[in-house]
Protein chains: 2
Amino acid sequence: MTSALRQFKADIFQGLAHPTRIAIVETLREGELPAGKLVERLELEQANASQHLAVLRAKQIVVSRKLGNQVYYSLRDPVLTKVLDLLRRYFYSQLSETANMLEEIEQESARVK
Amino acid sequence: MTSALRQFKADIFQGLAHPTRIAIVETLREGELPAGKLVERLELEQANASQHLAVLRAKQIVVSRKLGNQVYYSLRDPVLTKVLDLLRRYFYSQLSETANMLEEIEQESARVK
DNA sequence: TCAGTATATTCGCATTTTAGAATGTACTGA
DNA sequence: TCAGTACATTCTAAAATGCGAATATACTGA
C-alpha cells in the first residue's frame with residue numbers, strides 16, 4: 001500500500017474520531033439536513049457544530065450546498081455508513097466478549113469461595 | 001444510538017487515525033508478528049512503534065501475547081480489515097472523481113482558449 | 001549471576017484538537 | 001436599506017497527541 005493511501009485512510013479516521021462527528025454522520029444517514037437541524041437534534045453549540053462540520057468537510061466526509069439562508073449537509077459516500085454498520089457489529093461482539101469475561105470471573109470467584 | 005456506542009466508535013477511529021497505525025494494522029492482516037518485525041518492516045523507531053502499539057492495544061484493536069523474549073501482535077477482529085477494504089474502495093472512487101474533475105477543468109480551459 | 005536482546009515506559013517539547021465566547025459574512029423579508 | 005436569521009471563522013486556553021532520547025523491565029543463554 002502506498003503511503004498516500006495510508007495518509008488518506010488516516011485522514012478519514014481522524015475525521016470520524018470524535019463522538020459529535022459520529023453523531024452528525026449517523027444523523028445524516030437518513031438524508032440531507034441543514035446545519036441548524038443538526039444543532040437542534042444533537043443539542044450542540046452552534047459554533048461547535050460548525051467547527052465539527054468544517055472538519056467533516058475538510059476530510060471530504062460530507063458535502064454541503066447552500067439553499068437560501070441555510071446550508072444543507074449530506075454524506076459524500078454511502079460507503080461510510082457501511083463502515084459504521086460494520087463497527088456496530090464489532091461493538092456488540094466486544095460487548096458480549098466482555099460479558100463472557102465478567103461471567104467467567106464471577107464463576108471463578110464463586111468457585112474460590 | 002447510545003452515546004456509549006458513539007464514544008466506542010470514535011475511539012476505534014481515533015485508534016486508526018494515524019498513518020503509522022494504519023500501516024501496522026495492514027501489516028498484521030497477514031498474521032501475527034512480533035513487535036520487532038513490525039519495526040523492521042515499517043522502518044520505525046523502536047520507541048515510536050511501541051507507543052503506537054500501546055494506542056492500538058488501548059483501543060482494543062490489536063491483542064498481544066508474550067512468547068519468550070518477544071511480544072506477538074495480531075488483529076483483535078477481522079472486521080477491521082473489512083473496514084479498511086471498504087475505505088480502499090472509497091479512496092479509489094474519490095481518486096477517480098478528482099481525476100474527472102481535473103479533466104473537466106482541462107477541457108474547459110481548452111475551450112476558453 | 002550477568003551481558004545481551006526485545007519491548008515498554010517516561011520525559012520534555014512541539015503540534016494539534018477541542019470548547020466556548022466573540023465576531024464576521026451572507027441571505028431574507030419588511 | 002436594515003433588522004433578523006443561519007452559518008462560519010477567529011481567538012484563547014486547556015487538553016490530547018506525537019516524537020525521539022533516555023531509561024526501565026523482562027526474558028534468555030552463557
Side-chain angles (χ1 to χ4, degrees), chain A residues 3 6-28 31-76, chain B residues 3 6-28 31-76:
Chain A
S3 126
R6 275 182 200 145
Q7 183 61 60
F8 170 80
K9 288 182 182 174
D11 279 345
I12 302 284
F13 286 128
Q14 213 267 319
L16 294 170
H18 194 286
T20 299
R21 293 198 291 271
I22 298 281
I24 291 173
V25 170
E26 296 271 1
T27 305
L28 291 180
E32 197 184 43
L33 273 183
K37 280 289 168 197
L38 286 169
V39 168
E40 187 186 321
R41 286 209 198 165
L42 302 174
E43 300 183 358
L44 303 173
E45 292 276 329
Q46 184 270 320
N48 191 234
S50 204
Q51 287 175 103
H52 282 303
L53 286 169
V55 172
L56 291 171
R57 258 185 286 127
K59 310 292 184 187
Q60 311 255 58
I61 293 167
V62 302
V63 292
S64 63
R65 66 187 181 105
K66 211 163 186 174
L67 216 87
N69 214 6
Q70 291 165 302
V71 178
Y72 283 77
Y73 282 90
S74 55
L75 290 187
R76 189 180 177 289
Chain B
S3 126
R6 274 181 201 146
Q7 183 61 59
F8 171 80
K9 288 182 182 174
D11 278 346
I12 302 284
F13 286 128
Q14 212 266 319
L16 293 171
H18 194 286
T20 299
R21 293 199 291 270
I22 299 280
I24 291 173
V25 170
E26 295 272 1
T27 304
L28 291 180
E32 197 184 43
L33 273 184
K37 279 289 169 197
L38 286 168
V39 168
E40 187 186 319
R41 287 209 199 163
L42 302 174
E43 301 183 359
L44 304 173
E45 291 276 328
Q46 184 269 321
N48 191 234
S50 203
Q51 286 173 71
H52 283 303
L53 286 168
V55 172
L56 292 171
R57 258 184 287 128
K59 309 292 184 188
Q60 310 255 59
I61 293 168
V62 302
V63 291
S64 62
R65 67 187 181 104
K66 211 162 185 178
L67 217 87
N69 216 5
Q70 290 165 302
V71 179
Y72 283 78
Y73 282 90
S74 53
L75 291 186
R76 190 182 176 287

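Each chain gets a letter, A, B and so on, in the order its sequence line appears, and its residues count up from 1. Everything numeric here is computed off the predicted structure, so don't read it as measured data.
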Query raised in the report: Think Tyr73(B) has a side-chain N or O under 4.0 angstrom from the OP1 or OP2 of dA6(C)?
Result: no

Query raised in the report: Can you check whether Gln70(A) has a side-chain N or O nearer than 4.0 Å to OP1 or OP2 of dA26(C)?
Result: no

Report summary line: Separation of dT17(D) atom P from Leu16(B) atom CG, nearest Å, is 14 Å

Requested in this report: Search all heavy atoms of Ile12(A) against all heavy atoms of Ile61(A) and return the closest pair with its distance.
Outcome: O-CD1, 3.9 Å

Report task. Rounded off to whole Å, could you give me the NE2-to-P distance for the His18(A) and dA16(D) pair? Result -> 11 Å

Report summary line: Leu56(B) atom CG is separated from dG18(D) atom P, nearest whole Å, by 10 Å

Requested in this report: Give the minimum heavy-atom separation between His52(A) and Ile24(A), together with the two atoms involved.
Outcome: CB-CD1, 4.0 Å

Report task. Report yes if the side chains of Arg41(A) and Leu33(A) come closer than 4.5 Å at any heavy-atom pair, otherwise no. Result -> yes

Report task. Could you go through the side-chain contact (heavy atoms from CB on, under 4.5 Å) check for Phe13(A) and Ile22(B) one step at a time? Result -> CA-CA 10 Å; Phe13(A) 286 128; Ile22(B) 299 280; 3.4 Å; yes

Report summary line: Out of dT18(C), dA8(C), dC19(D), minimum distance to the side chain of Arg21(A) belongs to dT18(C)

Query raised in the report: Are Leu53(B) and Val71(B) side-chain neighbours, meaning at least one heavy-atom pair lies under 4.5 Å?
Result: no

Requested in this report: Side-chain contact test, heavy atoms from C-beta onward, threshold under 4.5 Å: evaluate it for Val62(A) versus Arg57(A) and give yes or no.
Outcome: yes

**Report entry** Interatomic distance where OH belongs to Tyr72(A) and C1' belongs to dA26(C) [whole Å]
**Finding:** 16 Å

Report task. Starting from the 5' end of DNA chain C, give me the residue, Leu67(A) or Ser64(B), whose nearest nucleotide shows up first. Result -> Ser64(B)

Query raised in the report: Is any side-chain N of the basic residue among Arg6(B) and Glu26(A) closer than 4.0 Å to the acidic one's carboxylate O?
Result: no

Query raised in the report: Toward the 5' end of DNA chain C, which comes first, Asn69(A) or Val55(A), by nearest nucleotide?
Result: Val55(A)

**Report entry** Gln14(A) vs dT16(C): side-chain N/O to OP1/OP2 distance below 4.0 Å
**Finding:** no

Query raised in the report: Roughly, in whole Å, what's the span from CG in Leu53(B) to C1' in dA6(C)?
Result: 13 Å

Requested in this report: Scan residues 38-52 of chain B against DNA chain C and write down, sorted by residue number, each residue with any heavy atom closer than 4.0 Å; if none is found, say none.
Outcome: Gln46(B), Ala47(B), Ser50(B), Gln51(B)

